[in-house]
Amino acid sequence: MRGLPFLIALFILSCLASAGGDLRFRLQRRLPGCRGTLENYYTGNEFDFYSRFRFQSELMQFILLTDKARGEEWADIIAGGASWTPENYPVRSVSAGWLKADLGTGLVMSFPGRFSSLSELSMYKPPNSRNRIEPATSPWGCRAEPLTGIGIMLQAGGMDISVLTALSPIDSIGGGYHRTASELLGRNVYTEKLAAVRISWQHLGITAAAASRSETPEYSWFRCGSDWNADIGSLNLAGEAAAGVDSSGTSIAAWGSLSQEFSEFRHMLTVLRNPPGYPSDRTSPPVSRECDIGICYGFRWKMFPRMALKAGTGTYFNQDSSLLLASLQAEYRFPWSMEAAAGIRTRTETDCASARTWLGTTWQPQNRLKITTKIQITGWTSSPEDSSETGAGIEMKLRYTPRNWLTLDLGGAACSTDGYNSRVYAGAFSFPGEFGSTALYNRSFLFFFGAAAELSEGFYLRGAVERKIVEDADFLGSGWEETEGNSRTELGFQLDYAFQ
C-alpha cells in the first residue's frame, strides 16, 4: 500500500520519542447484514473499525489512523502525519502527511471543513477566521480526496505566514468508500497538485490557492481572497471576499457581517454570495448555501435573569429559486435544576414549505441523575404536487452515574409521520468523536443503552447497543445497503486511553 512504509516509520519514531499521547479504538457491527455483504457484492464484512494512535513529545506530535467502513476490507484507510512546533524560532509549526487546513474563513482554502452550515439560531455571532495547518485527526477528510503534503506556519515582521503544498491521491468513484470491485478500481486514480499561501496581520488576511487534477481533461482552479475582522467601538466587522477561476470562467464569492454585542443583547447582520459557478473544491464557507445573494440576521436577547431568546432568519436567492429559513427558540432556567427550550424552525422554498416545532427539558433531580426530554411536531406542504404531510415525535434520555467511575445511558424515541418530508430528529447514542443525531419517519421506534467505565485514570471503556424498529416495513434502507425485516440493531464499543 502506497505510503505504508512512511507511516510505519512515523509510528516507530513516535514510540521512541514521545512523552505522552492517547489511543482510541472503536468497533461497531450492524445486524442483520445488508444485501451488499450477504450477496458478496461487497469485498468486506459488516464491521466498522476505527483506531487513532496519537503520540506527543515536547516539540513533536505523531498521529496514525486506520479506518474501515461496513463492506470494506480491514484497514482500508491507513493515514498519518507528524508536526513539529519549535520553541523560540520564527517557524511556529511544520506539519507533514495527511493534513487538515483552515486558512481564512473557508472561501479560499479549508479542508475537510465544517460538518454543516451556520444554523439560524447561531446567526448572532460572526464565524471565526482561522490560520491552521495540522495533521488529520479523523478519517473524515482522509477518504476520496485526502490532503497529503507539507505545511509550514511562521511569524515574521509582525505577520503570520502559512504555506501549504500537497500531492494528493484522488478517487474517481465511490464517494470515499472501497466496498465493491469498481470502487477499488477507482481508488487513487487521479493525482491533485495543490499549493496555498496565507499572510495575515492584525485584522486583515490574504489567501491564495491553486490546484490541478490529472483527470481527462485536466481540471484546474485558482482562488484568491481577503478576510477581515475588526472592532469599531461596540461594532464588529468581519467577512471574506474571493475570486475563483476555473475552466467555466471567473466567479466572485463573499460574505460580510456587521455585529454588535451588549451585556444582555447580541445581534448580527450578514450579506453573502456563493454562486454555483464558484470553484468549491477544498472550500468550506461559514454559510455554505449556494446563492447569488443571501441576507441573514440573528440575535440573542437575555430578556430576564433566567430567560433568553434566540432567533435568526436567512433568505437566499438564485436565478430561478429562493429559500427562506427562520428559527426562534426561547430558553428558561428554572430554580430547581431544570432547563427548558421551546422553538420553531420554518423552511420555505419556491414550491414547498416545512415547519418543525419542539419543546425540550433537561432536569437534574440529583447530582448522579440527568433526564432529558423532547417533543417535536412537524409539517410539510408542496404546491406542485398539492400534497402535505404531518408528524410528531417524542424522546427521553436518562444518564445515571451510580459510581464516580461508571456512567449509564438509557434512551428512546418514537415518532409517527406521514413520510420522510415530515421526519423528526432524535438524539441517538454516540461515542466521543461521533455525530449523535438520526432522522426518524413513518411509525418508528429507537432504543439505546450505553455504559462508560473509567477503569483507571485516563482509561475509558464504553459499550452501546441501539435498536431501531419501523412498523409494517419489510425492508430498511435501499440498494446494496438494504436489510431484511423491520428492525436494525447496532452494537459497538470504544476504548480511550491517555498515557504519559
Side-chain angles (χ1 to χ4, degrees), residues 115-125 266 298-314 325-347 354-380 389-401 407-418 420-432 434-450 452 464 466-469:
F115 280 104
S116 60
S117 179
L118 189 66
S119 165
E120 288 73 45
L121 292 177
S122 300
M123 284 291 180
Y124 62 90
K125 52 186 178 181
R266 185 176 182 180
F299 70 86
R300 186 182 189 277
W301 179 24
K302 191 176 180 181
M303 304 173 62
F304 306 107
R306 292 182 176 274
M307 184 174 182
L309 184 67
K310 294 194 297 185
T313 183
L325 299 173
S327 297
L328 173 69
Q329 178 170 290
E331 303 169 346
Y332 187 76
R333 181 166 49 87
F334 294 93
W336 52 84
S337 301
M338 176 183 283
E339 297 178 359
I344 182 172
R345 184 178 192 266
T346 63
R347 178 187 179 100
S354 63
R356 182 187 317 278
T357 61
W358 63 88
L359 172 63
T361 63
T362 300
W363 179 35
Q364 192 164 356
Q366 55 173 285
N367 291 334
R368 295 185 178 275
L369 178 64
K370 183 166 70 172
I371 304 171
T372 303
T373 61
K374 189 174 184 180
I375 298 173
Q376 298 179 68
I377 299 175
T378 62
W380 172 85
E389 294 182 8
T390 59
I394 184 172
E395 64 176 296
M396 176 179 286
K397 295 186 289 186
L398 292 86
R399 169 162 288 186
Y400 180 51
T401 308
T407 300
L408 304 177
D409 289 283
L410 179 67
C415 78
S416 177
T417 77
D418 294 333
Y420 180 77
N421 292 313
S422 54
R423 63 194 177 276
V424 303
Y425 288 93
F429 181 86
S430 61
F431 293 113
E434 286 189 311
F435 183 67
S437 180
T438 185
L440 298 176
Y441 53 95
N442 297 333
R443 296 180 64 87
S444 302
F445 175 79
L446 178 73
F447 169 83
F448 68 80
F449 172 76
E466 178 182 290
R467 185 169 178 82
K468 179 181 179 181
I469 302 172

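The basis for the numbers below is simple: all heavy atoms, side chains too, and nothing from hydrogens, waters or symmetry mates. Positions are given from 1 along the sequence.
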Trainee: Any salt bridge (Lys or Arg N to Asp or Glu O under 4.0 Å) involving residues 302-311? Give me the pairs, sequence neighbours left out, ordered by first then second residue.
Mentor: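 Only K310-E331 qualify under salt bridge (Lys or Arg N to Asp or Glu O under 4.0 Å).
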Trainee: Keeping E389 on the side-chain end and S422 on the backbone end, is there a donor-acceptor pair under 3.5 Å?
Mentor: yes
Trainee: Using the rule given for ring-ring contact (aromatic ring centres under 6.0 Å, His included), can you reason through F334 versus W336, listing the C-alpha separation, both sets of side-chain angles and the distance that settles it, and then say yes or no?
Mentor: CA-CA 5 Å; F334 294 93; W336 52 84; 4.8 Å; yes
Trainee: Within the distance-only criterion (no hydrogens, no angle test), does the side chain of S437 pair as donor or acceptor with the backbone N or O of G427 below 3.5 angstrom?
Mentor: no
Trainee: Test F449 against F447 for ring-ring contact (aromatic ring centres under 6.0 Å, His included), laying out the working first.
Mentor: CA-CA 7 Å; F449 172 76; F447 169 83; 7.7 Å; no
Trainee: Are any non-hydrogen side-chain atoms of L309 and L328 less than 4.5 angstrom apart?
Mentor: yes
Trainee: Is the number of heavy atoms from other residues, nucleotides or ligands under 6.0 Å of Y441 OH greater than 12?
Mentor: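 Counting other residues, nucleotides and ligands, OH of Y441 stays at 12 neighbours or fewer.
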Trainee: Minimum heavy-atom separation for A428 and L446, please, with both atom names.
Mentor: CB-CD2, 4.0 Å
Trainee: For L325, is there any backbone N or O sitting under 3.5 Å from a side-chain donor or acceptor partner on T313?
Mentor: yes
Trainee: Is it true that a side-chain atom of R356 and a backbone atom of R347 form a donor plus acceptor pair closer than 3.5 Å?
Mentor: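 No, the answer is negative, given that no donor and acceptor are paired below the 3.5 Å cut-off.
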Trainee: Pair up each side-chain donor or acceptor in residues 367-374 with any protein partner under 3.5 Å, not counting sequence neighbours, and list the distances.
Mentor:
residue: R368; atom: NH1; partner: T401; partner atom: O; Å: 2.9
residue: R368; atom: NH2; partner: N404; partner atom: OD1; Å: 3.2
residue: T373; atom: OG1; partner: T361; partner atom: OG1; Å: 2.6

Trainee: Donor-acceptor check, side chain of Q329 to backbone of A341, threshold 3.5 angstrom: yes or no?
Mentor: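 A pair under 3.5 Å: no.
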Trainee: Under the criterion side-chain contact (heavy atoms from CB on, under 4.5 Å), I'd like the reasoning laid out for L121 against R345: C-alpha separation, chi angles, the key distance, then a yes or no.
Mentor: CA-CA 9 Å; L121 292 177; R345 184 178 192 266; over 6 Å; no
Trainee: Might you confirm whether atom CH2 of W358 has over 12 heavy atoms from other residues, nucleotides or ligands at distances under 6.0 Å?
Mentor: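 It does: W358 CH2 has more than 12 such atoms within range.
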Trainee: E434: what forms a side-chain hydrogen bond (donor to acceptor under 3.5 Å, both in side chains) with it, not counting sequence neighbours?
Mentor: Q28
Trainee: Crowded around R443 CZ? As in, over 12 foreign heavy atoms under 6.0 Å?
Mentor: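 Atom CZ in R443 is not packed in, count stays at 12 or less.
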Trainee: Side chains of D409 and K397, heavy atoms from C-beta outward: is any pair under 4.5 Å?
Mentor: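 No, every pair of side-chain atoms sits at 4.5 Å or beyond.
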Trainee: Are E395 and Q376 close enough, and set up right, to give a side-chain contact (heavy atoms from CB on, under 4.5 Å), and what steps lead you there?
Mentor: CA-CA 9 Å; E395 64 176 296; Q376 298 179 68; 4.0 Å; yes
Trainee: Under the side-chain contact (heavy atoms from CB on, under 4.5 Å) test against Y332, which residue among M303, E339, M307 passes?
Mentor: M307
